[in-house]
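Given the structure is predicted, the values throughout are model-derived calculations rather than measurements. In each ligand, atom 1 is the first atom listed, and ligand 1 is the first ligand listed.
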Amino acid sequence: MTKRVAILISGGGSNMVSLVDSMKGYHPARPVLVISNNPDAGGLAKARARHVPTFVIDHRQFGKDRPAFEAALHDALCKARPDIICLAGFMRIFTADFIRQWEGRMLNIHPSLLPKYKGLHTHARALEAGDTEHGCSVHEVTAELDGGPILGQARIQIEPDDTPETLAARLLPLEHRLYPAVLRRFAVGDRSKVTLSG
Ligand code: GRF
């Protein structure tokens with residue numbers, strides 16, 4: 001049975017594009033919805049250009065009422081009946097209650113070699129630590145921020161003249177290879193780890 005995939009974005013959606021473009025031909029999954037919490041997200045036009053239905057739930061309309069935002073999001077997701085949810089540059093943190101309803105079916109890509117550098121500013125933190133390598137991770141989403149089981153990692157060497165910007169730019173193409181590779185396995189129930197290097 002072809003798995004139905006919903007993708008959540010907040011910005012440019014380059015990882016969403018890679019996921020959507022990978023789900024072609026003989027593939028165990030198909031995109032059914034792209035949701036953004038940001039009405040100005042550049043990824044929305046990219047999804048529409050690929051004929052993927054889109055939906056916007058502007059979190060700012062809910063103020064500090066996170067449960068109300070999540071209830072609207074949950075409702076939109078239930079209507080799309082996803083088997084898998086991919087967070088792709090989605091910048092809102094979920095409550096444990098929301099995650100509990102989708103745990104085991106929700107993935108995220110994080111720009112660090114987890115468990116190192118959970119949270120934000122990962123490239124700067126790797127540089128400040130003097131690391132010689134960096135990378136990205138795809139993991140199952142659990143109540144622990146960036147802490148779920150790791151399903152894939154891609155590694156790059158840090159160059160002496162790297163900045164957070166050059167590191168992010170060199171890492172993004174690997175993200176675009178890693179996430180689709182993990183999704184293809186996850187869609188057939190294969191949780192064996194994908195490992196790539198740049
Ligand atoms: C990427 O670096 C990703 O790792 C992080 O958000 C950034 C932008 O992603 N989660 P996208 O271009 O919006 O997919």
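Atoms of ligand 1 found under 4.0 Å from any heavy atom of Gly89 (numbered from 1 in listed order, with element): 6 (O), 9 (O), 10 (N). Of all the atoms in ligand 1, the ones that sit under 4.0 Å from a non-hydrogen atom of Pro111 are 4 (O).
Considering only residues two or more places apart in sequence or on other chains, Asp131 meets the side chain to side chain donor-acceptor pair (under 3.5 Å) condition with Lys116, Tyr117.
Among protein heavy atoms, atom 12 (O) of ligand 1 sits closest to Ser14 OG, 2.5 Å. Counting protein heavy atoms only, atom 1 (C) of ligand 1 is closest to Glu175 OE1, 3.3 Å. Remark: minimum distance from atom 10 (N) of ligand 1 to any protein heavy atom is reached at Ile109 O, 3.4 Å.
At least one heavy atom of Gly13 sits less than 4.0 Å from an atom of ligand 1.
Considering backbone and side-chain atoms together, Asn15 places an N or O closer than 3.5 Å to an N or O of ligand 1.
Across all their heavy atoms, Ser112 and His134 have their closest contact at CA-CE1, 4.0 Å.
In this structure, atom 3 (C) of ligand 1 has a protein heavy-atom contact shorter than 4.0 Å.
Taking the charged nitrogens against the carboxylate oxygens, Arg50 and Asp21 do have a contact shorter than 4.0 Å, which makes a salt bridge. Between Arg191 and Glu140, at least one side-chain nitrogen of the basic residue sits less than 4.0 Å from a carboxylate oxygen of the acidic one, meeting the salt-bridge criterion. For the pair Glu70 and Arg92, the salt-bridge criterion is not met [side-chain N within less than 4.0 Å of a carboxylate O].
Cluster partners of Leu73, using a side-chain heavy-atom cutoff of under 4.5 Å among ILVMFWY residues and allowing indirect links, are Leu8, Val32, Leu33, Ile35, Phe55, Ile57, Phe62, Phe69, Leu77, Ile85, Leu87, Phe90, Phe94, Phe98, Ile99, Trp102, Met106, Val141.
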